[in-house]
Amino acid sequence: MQRLNRNTHPAERYPEKVLQFGEGNFLRAFADWQIDQMNRKADFNGGVVIVQPLANGMAEQLNEQDGLYTVYLEGIQNGQALQEHQVMECVTRGIDPYARYETYEELAYQPELRFIVSNTTEAGIAFQPEDRLEDRPQSSYPGKLTALLYRRYLHFGGDRSKGFIIIPCELIDRNGEVLKDIVLQYSKLWGLESEFISWLEEANTFCCSLVDRIVPGYPKQRMPQITAELGYEDSFVVVGEPFHLWVIEGPAWIAQEFPAEAAGLQVKIVEDMAPYRTRKVRILNGAHTALTPVAYLYGLETVGQAVDDEMVGSFVRELIDEEIIPTLDLPAEELTAFAAAVLERFRNPYVEHYVMSIALNSISKFKTRDLPTLTAFVEEHDRLPERLTFSLAALIAFYRGEREGEPIQLADNSAVLDYFRQIWSLYQDTPEDMKQLVSSVFGQTSFWGMNLNEIPGLTEQTSRYLYQIRTEGIRQALRELMTHGTLAV
């Protein structure tokens, strides 16, 4: 069987407009997929040259396929199961700067390059003080970027039209600002001239961005079936979900050069991405974290099973619609549409997302993802969010480390695990003991960043839910919650 390349699959060749640091699954199924869509539907006419950021990478293997690879999209879209695949044609070549440094350096001199995107993992955007301008290459991504920008500045004599639109996709808050700060730090460390700093500030646009698409990656177990279906060999097949969202914080004129809207893509270029980040954290991540202890104690193993279950599914939907969305500051239609998409993603039949994989570090996740919703709801509505409070009780029960007599493989830092192991050994399943236990847990400010006992009614209601869960079982306790609810504080 033939290997996928431009001989077996004749493809369009595009001028290189995008420089990409990172050859991994996510960028190829997210950024490059969108660039490919813009080429097909919006005449972007842009190729992507990929630089591997680490010494051990896959740039040369990608070149063996002439940059071509197949993206499989699998999931639920508009209520229907979707499976489709397409060969991505926008990647022109890969470069290993550790083996072909001169080729990498020449990128600085290509006048048509306009965009830089990256995903070098959260650890990739970091300052390495040992990096030097003369290194071939620098060890860090920001170091490589600074040297590249400086060479471009010198080559084009400070021409303001030769700057870049730089869009990092690493999952850190304010990623564009962090990257720019480190580039400026290198500029100072290396003693680069003030004129370069001015060019860096005025000719280049560093954007913060928020990315969202689940990309399971290379489907190793299914490759014999997929290869037979495709009719060619492809070592870079990547699986992703249909949903995608790219929020780019930057000036509105970027949309003129990056025609994502014309291609029908879910790309938003906004002045402030904070509301979108909050929306994602509270609805997607918050719902994940809130459902995890409830679903697992209920006997369910995956997110899909949880959403499809009549009782737990109703719990999750009402949690989002009635408790999370009312705390968010975006147009109602945007929030409900995003929530509907989230629930479709949770039901994706092609991805087995185990709730125990979400359970890692659940205490800190609840603090970050769900506690802001809880406190905002209480402040705005003068009552407790019932389902979120129930989830908090289930979380405390979960950290007892047992489900129907079988141990739960808890995964958290040792201080958290030691605390719950000790606290659960001190109390019995009585209303009084449950209240004392909850009061102690809520008083651990190192867990929550505050004393949760200070939230009116929270200790009492959580204690009642925990007592129900322990004495009646999670199924009966959840049924009573969903049938009768609780009184307002």
N/O donor-acceptor pair under 3.5 Å between [X] side chain and [Y] backbone:
X	Y	value
Glu23	Gly57	no
Glu60	Asn63	no
Trp424	Ile396	yes
Thr375	Pro372	yes

With a 3.5 Å cut-off and sequence neighbours excluded, list the donor-acceptor pairs that the side chains of residues 354-361 form with protein atoms.
unit_1 : atom_1 : unit_2 : atom_2 : d
Tyr354 : OH     : Glu352 : OE1    : 3.0
Ser357 : OG     : Tyr354 : O      : 2.5

At what distance, to the nearest 0.5 angstrom, does [atom1] of [X] lie from [atom2] of [Y]?
X	Y	atom1	atom2	answer
Ile182	Ser140	CD1	OG	7.5 Å
Gln305	Thr302	CD	OG1	3.5 Å
Leu388	Ile324	CG	CD1	6.5 Å
Asp131	Leu189	CG	CG	9.0 Å

Side-chain atoms of residues 214-225: list all donor-acceptor pairs with protein atoms under 3.5 Å, sequence neighbours left out, distances to 0.1 Å.
unit_1 : atom_1 : unit_2 : atom_2 : d
Arg222 : NH1    : Glu74  : OE1    : 3.1
Arg222 : NH1    : Glu74  : OE2    : 3.4
Arg222 : NH2    : Glu74  : OE2    : 2.6

Worked check of side chain to side chain donor-acceptor pair (under 3.5 Å) between Gln138 and Gln128: CA-CA 9 Å; Gln138 294 73 24; Gln128 302 289 343; over 6 Å; no
Could you check whether [Y] and [X], counting side-chain N and O atoms only, form a donor-acceptor pair closer than 3.5 Å?
X	Y	result
Asn285	Arg282	no
Tyr72	Glu229	yes
Gln37	Gln86	yes
Gln476	Gln468	no
Glu432	Gln436	no

How close do [X] and [Y] get, counting heavy atoms only, and between which atoms?
X	Y	value
Asp96	Ala59	N-CB, 4.0 Å
Tyr465	Ala393	CB-CB, 3.6 Å
Leu297	Ala394	CD1-O, 3.6 Å
Ile423	Ser440	CD1-OG, 3.4 Å
Pro97	Pro137	O-CD, 3.8 Å
Leu68	Met88	CD2-O, 3.4 Å

Min side-chain heavy-atom separation [X]-[Y] under 4.5 Å:
X	Y	value
Pro168	Val117	no
Val267	Ile248	yes
Leu265	His244	yes
Leu73	His85	no

Evaluation steps, ring pair (Phe, Tyr, Trp, His ring centres under 6.0 Å), between Phe447 and Tyr419: CA-CA 11 Å; Phe447 291 178; Tyr419 170 79; 5.4 Å; yes
Evaluation steps, side chain to side chain donor-acceptor pair (under 3.5 Å), between Thr120 and Glu170: CA-CA 7 Å; Thr120 57; Glu170 288 82 355; 2.8 Å; yes
Is it true that the NZ or CZ of [X] lies under 6.0 Å from the centre of [Y]'s six-membered ring and within 45 degrees of the ring axis?
X	Y	answer
Arg403	Tyr296	yes
Arg383	Phe377	no
Arg213	Trp246	no

Are there more than 12 heavy atoms of other residues, nucleotides or ligands under 6.0 Å from atom [atom1] of [X]?
X	atom1	answer
Glu130	CD	yes
Glu271	CD	no
Asn413	CG	yes

Would you say the ring centers of [X] and [Y] fall short of 6.0 Å from each other?
X	Y	result
His353	Phe346	no
Tyr69	Phe236	no
Phe115	Phe258	yes

Salt bridge (charged side-chain N to carboxylate O under 4.0 Å, His left out) evaluation trace for Arg345 with Glu241: CA-CA 8 Å; Arg345 299 167 74 186; Glu241 65 171 342; 2.5 Å; yes
Counterpart residues, ring pair (Phe, Tyr, Trp, His ring centres under 6.0 Å), relative to Phe127 (two or more places apart): Tyr186
Member of Ile455, Leu458, Leu481 meeting the side-chain contact (heavy atoms from CB on, under 4.5 Å) criterion with Thr389: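 The single option meeting the side-chain contact (heavy atoms from CB on, under 4.5 Å) with Thr389 is Leu458.
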Charged N-O contact under 4.0 Å between [X] and [Y]:
X	Y	value
Glu261	Lys268	no
Glu322	Arg317	no
Arg277	Asp272	no
Arg387	Glu318	yes

Residues Asp234, Thr227; criterion side-chain contact (heavy atoms from CB on, under 4.5 Å); working and verdict: CA-CA 7 Å; Asp234 181 355; Thr227 300; over 6 Å; no
Asn451/Thr445 under side chain to side chain donor-acceptor pair (under 3.5 Å): CA gap, chis, key distance, verdict: CA-CA 5 Å; Asn451 186 341; Thr445 57; over 6 Å; no
Check against side-chain contact (heavy atoms from CB on, under 4.5 Å), Cys207 and Ile165: CA-CA 7 Å; Cys207 301; Ile165 299 169; 4.2 Å; yes
Side chain to side chain donor-acceptor pair (under 3.5 Å) between Asp412 and Tyr399, worked out: CA-CA 10 Å; Asp412 211 315; Tyr399 270 77; 2.6 Å; yes
Verdict with supporting geometry, Val49 and Gln20, side-chain contact (heavy atoms from CB on, under 4.5 Å): CA-CA 6 Å; Val49 52; Gln20 177 172 303; over 6 Å; no
Full working for side-chain contact (heavy atoms from CB on, under 4.5 Å) between Leu319 and Phe390: CA-CA 10 Å; Leu319 168 75; Phe390 185 88; over 6 Å; no
Candidates Arg470, Lys435, Arg400 - the one meeting salt bridge (Lys or Arg N to Asp or Glu O under 4.0 Å) with Asp429: Arg470
